[in-house]
Visitor: 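Please see the structure below; I have some questions.
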2 protein chains.
Amino acid sequence: MITLRQLRYLTAIAETRHFGRAAALCHVTQPALSMQIQELEQSLGCHLVERRRNAVDLTADGQEVARRGAAILASVADLEDYARREKPPLVGLLRLGIIPSIAPYLLPRALPSLHERYPHLELRIRETQTASLVEELIRGDLDLIIAALPLDRPELDTLNAFQDRFLVARQARAHRRKSERMDPSALATEHLLLLEEGHCLRDQALSVCGALSPNIQMAFGASSLSTVMHLVANGYGVTLLPEMAADIERTDRVQLIRFADPEPMRMIGLAWRRSSPRRSDAEALAKVLLDARASVSLARPQQKAVQG
Amino acid sequence: MITLRQLRYLTAIAETRHFGRAAALCHVTQPALSMQIQELEQSLGCHLVERRRNAVDLTADGQEVARRGAAILASVADLEDYARREKPPLVGLLRLGIIPSIAPYLLPRALPSLHERYPHLELRIRETQTASLVEELIRGDLDLIIAALPLDRPELDTLNAFQDRFLVARQARAHRRKSERMDPSALATEHLLLLEEGHCLRDQALSVCGALSPNIQMAFGASSLSTVMHLVANGYGVTLLPEMAADIERTDRVQLIRFADPEPMRMIGLAWRRSSPRRSDAEALAKVLLDARASVSLARPQQKAVQG
DNA sequence: CCGGGACGATCAGTTTAACTTATCGTCATG
DNA sequence: CATGACGATAAGTTAAACTGATCGTCCCGG
């Protein structure tokens with residue numbers, strides 16, 4: 001079987017017309033090169049090199065083989081260059097999953113700058129609940145997901161992007177005095193409105209509030225935060241609103257209040273198969289997301305809530 | 001250093017998406033293939049294959065490397081096909097040397113059929129004396145020579161093409177009775193006309209005649225057989241004419257006579273560097289030369305000489 | 001005519017690469 | 001929970017490649 005090494009040695013012969021010097025070029029001893037050339041001639045079944053008294057020359061076949069061999073070696077070098085190139089992240093197809101409690105608030109701000117900074121990124125976005133995202137990610141149908149961490153799946157690697165505070169959203173009423181910070185226990189007497197089964201935000205809200213008071217009233221089943229907020233505006237109860245959603249979901253009829261320290265929050269991050277080489281993509285994407293979130297959080301919910 | 005074997009294994013993975021089956025395709029065991037793939041990934045410095053629970057997939061890089069690798073392997077296969085192809089003789093450049101006592105008589109007949117049978121032969125012809133031809137052949141400036149054999153150079157390989165009788169050429173005179181065959185000793189009283197120093201034909205003539213009679217008269221210096229024959233026609237002496245030249249050099253004023261048995265003759269053949277792969281060219285060329293000579297020798301010099 | 005030097009081939013022995021068999025660890029399945 | 005599939009890993013073997021020494025030939029200068 002012919003090898004790249006043999007082709008390298010042959011091209012060295014073509015260049016030097018001398019076994020000894022060709023061997024030196026290849027950093028091997030002359031017998032090693034001689035043997036490889038003989039091996040090549042035998043496997044190709046023809047003479048490539050004509051050994052004469054004072055000179056060495058390639059036969060017509062040898063010249064053609066050397067020419068083709070050089071081209072092949074160049075292709076191999078190109079392949080190596082390609083593989084070892086600086087790999088810019090976020091190039092080509094990226095199948096990105098994102099949960100519904102993040103997508104409508106983060107994507108409108110993140111996508112424009114993402115496209116601007118990574119014009120060769122071909123993004124395919126899938127929005128669904130965490131469990132489906134994780135399943136599709138592990139199955140290989142997605143490359144990267146944006147979700148609330150941790151996910152606790154050993155086959156996934158994750159990266160924290162930013163933390164997202166939970167705010168209390170309640171109906172704005174004139175008689176209510178504006179409260180700077182709210183203690184979670186103050187929710188105990190309220191109706192807690194939640195998203196339907198399967199949303200991680202629902203579980204997070206429950207873990208924040210449920211721990212406080214088992215007798216809290218819960219209303220189930222809204223399929224989007226937007227729906228929940230309409231209910232809140234009309235006095236059906238309160239809900240936990242991610243700070244990220246604040247400026248979009250805010251209305252005059254809703255009051256957004258920060259919790260007293262320690263404020264409950266969720267960690268938003270990225271996850272990918274540990275076996276896939278997506279870390280650099282994740283890191284680049286995390287930066288973009290952080291920038292997008294930063295511009296949101298400038299609109300301090302605390303201050304705006306005062307208006308409502 | 002990346003190897004063709006590694007590329008083969010990677011393309012097998014690309015085809016099967018399965019280490020075990022890829023290994024079977026390559027006729028090796030699975031660990032062998034796994035190790036080569038790891039080796040390849042390490043030398044390229046990037047992941048090519050994503051090993052997942054139930055499936056194996058190529059990364060984007062892996063797909064590109066496999067694609068390029070397949071192209072490289074195809075080039076290698078083409079190279080092998082090229083080298084192992086049936087090699088038709090007499091294709092491409094052939095630097096052919098030929099001695100002056102053959103060229104004018106053989107080439108006019110041989111070249112047309114040579115070009116007809118070997119249209120891809122690019123012939124470059126050099127005509128000079130044997131010593132120069134041999135030197136240039138050994139030096140690598142010629143590929144093949146046509147000369148009188150033997151040459152007795154161990155670095156050359158030779159092939160006999162055909163034998164060429166020596167005829168006696170003497171002035172045609174009315175009073176001479178036509179002699180069917182001439183004994184070499186009959187030349188003892190004649191003036192022997194020879195080519196100039198360096199022509200092998202001169203040495204051959206000398207060895208034929210000189211052995212007989214040291215007192216034979218010799219006239220030296222003609223630079224072509226044609227000149228010699230003019231001298232013969234005008235009665236300046238006799239000469240030895242190669243039968244091959246008979247039909248071209250014959251005139252009414254010259255009588256051509258065959259020697260009595262055993263007729264002296266020279267062996268016309270081909271020579272090439274033993275280190276060069278020109279045997280098949282020589283064999284093909286020898287056939288063409290033999291055909292060309294055959295059509296000449298149909299003109300029996302004995303019969304024609306009778307006319308003169 | 002002889003001795004020395006250059007060159008590629010060859011040989012023996014060693015190092016390195018590649019492979020095989022056996023086994024492990026993980027995960028999915030019945 | 002046992003089983004089977006799969007790729008990784010380990011240990012040991014086989015095969016490839018290389019080195020250093022030597023050979024044989026040729027050439028060249030004395």
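We name chains A, B, ... by the order of the sequence lines, and we start the count at 1 in each one.
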Visitor: Rounded to the Å, how far apart are A/Gln36 CD and C/dG8 P?
Guide: 17 Å
Visitor: Measure CG/B/Leu33 against P/C/dT20 and give the value in whole Å, please.
Guide: 10 Å
Visitor: For nucleotides 23-30 of chain C, read 5' to 3', which letter fits each nucleotide if B means a protein heavy atom sits under 4.0 Å from the base, S means only the sugar-phosphate is that close, and - means neither?
Guide: ----SS--
Visitor: Salt bridge or not between A/Arg202 and A/Glu196? Use side-chain N to carboxylate O under 4.0 Å.
Guide: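 No.
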Visitor: Just to confirm, is there a sub-4.0 Å distance from OP1 or OP2 of D/dA16 to any side-chain nitrogen or oxygen of A/Arg5?
Guide: no
Visitor: With nearest nucleotides of DNA chain D determined for A/His27 and B/Arg52 from heavy-atom distances, which residue corresponds to the more 5′ nucleotide?
Guide: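 This one resolves to B/Arg52.
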Visitor: Starting at atom CD of B/Glu39, determine the distance to atom C1' of D/dA8, rounded to an integer number of angstrom.
Guide: 15 Å
Visitor: Is it true that atom NE2 of B/His47 has more than 12 heavy atoms of other residues, nucleotides or ligands lying nearer than 6.0 Å?
Guide: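 No, because the 6.0 Å sphere around NE2 of B/His47 holds 12 heavy atoms or fewer from other groups.
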Visitor: To the nearest angstrom, how far is B/Asp57 atom CG from D/dC6 atom P?
Guide: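 These atoms are roughly 15 Å apart.
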Visitor: Show the nearest heavy-atom pair for residues B/Arg85 and A/Asp61, with the distance to one decimal.
Guide: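 The answer is NH2-OD1, 3.5 Å.
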Visitor: On the nucleotide D/dC18, are OP1 or OP2 found under 4.0 Å from the side-chain N or O atoms that A/Tyr9 carries?
Guide: yes
Visitor: Is it true that, when you exclude B/Arg124 itself, more than 12 heavy atoms of the residues, nucleotides or ligands shown sit nearer than 6.0 Å to its CZ?
Guide: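 For B/Arg124, atom CZ is not crowded (no more than 12 foreign heavy atoms under 6.0 Å).
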Visitor: Could you check whether atom NZ of A/Lys87 has more than 12 heavy atoms from other residues, nucleotides or ligands sitting under 6.0 Å from it?
Guide: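 Enclosed: over 12 neighbouring heavy atoms sit under 6.0 Å from NZ of A/Lys87.
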Visitor: Among D/dA10, C/dG8, D/dG7, which nucleotide sits nearest the side chain of A/Val56?
Guide: C/dG8
Visitor: What integer distance in Å separates A/Glu41:CD from C/dA9:C1'?
Guide: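 It is 12 Å, rounded to the nearest whole Å.
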Visitor: Among residues at least two apart in sequence or on other chains, which ones pass side-chain hydrogen bond (donor to acceptor under 3.5 Å, both in side chains) with B/Asp203?
Guide: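 B/Asp203 satisfies side-chain hydrogen bond (donor to acceptor under 3.5 Å, both in side chains) with no residue once adjacent residues are dropped.
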Visitor: Between A/Asp57 and A/Arg52, what is the shortest heavy-atom contact and its length?
Guide: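 Closest approach of A/Asp57 to A/Arg52: OD2-NH1, 3.8 Å.
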Visitor: Can you tell me which nucleotide in C/dA18, D/dC6, D/dA8 comes closest to the side chain of B/Gln38?
Guide: D/dA8
Visitor: Check whether any side-chain N or O of B/Arg51 sits under 4.0 Å from OP1 or OP2 of D/dA8, and answer yes or no.
Guide: yes
Visitor: How close do B/Ser34 and B/Phe19 get, counting heavy atoms only, and between which atoms?
Guide: OG-CD2, 3.2 Å
Visitor: Rounded to the nearest angstrom, tell me the gap between atom CG in B/Leu7 and atom P in C/dA18.
Guide: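 That distance rounds to 13 Å.
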Visitor: Looking at C/dA9, I'd like to know if its phosphate oxygens (OP1 or OP2) sit under 4.0 Å from a side-chain N or O belonging to A/Ser34.
Guide: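 Yes, such a contact exists.
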Visitor: What is the distance from CD of A/Gln42 to C1' of D/dA16, rounded to the nearest Å?
Guide: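 From A/Gln42 CD to D/dA16 C1': 14 Å.
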Visitor: If you check the B/Ala32 side chain, which of C/dT20, D/dA8, D/dC6 turns out closest?
Guide: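 Selected nucleotide (nearest to the side chain): C/dT20.
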Visitor: Is the phosphate of C/dT20 approached by B/Thr29 (side-chain N or O, under 4.0 Å from OP1 or OP2)?
Guide: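 For B/Thr29, the contact criterion (side-chain N or O under 4.0 Å from OP1 or OP2 of C/dT20) is met.
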Visitor: Figure out the CD/C1' separation between A/Gln6 and D/dC18, and round it to whole Å.
Guide: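 Distance, rounded to whole Å: 14 Å.
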Visitor: Between A/Pro31 and B/Thr3, just flag the one whose closest nucleotide in DNA chain C comes earlier from the 5' side.
Guide: A/Pro31
Visitor: Quick one: which of C/dA18, D/dG20, C/dG8 gets closest to the side chain of A/His18?
Guide: C/dG8
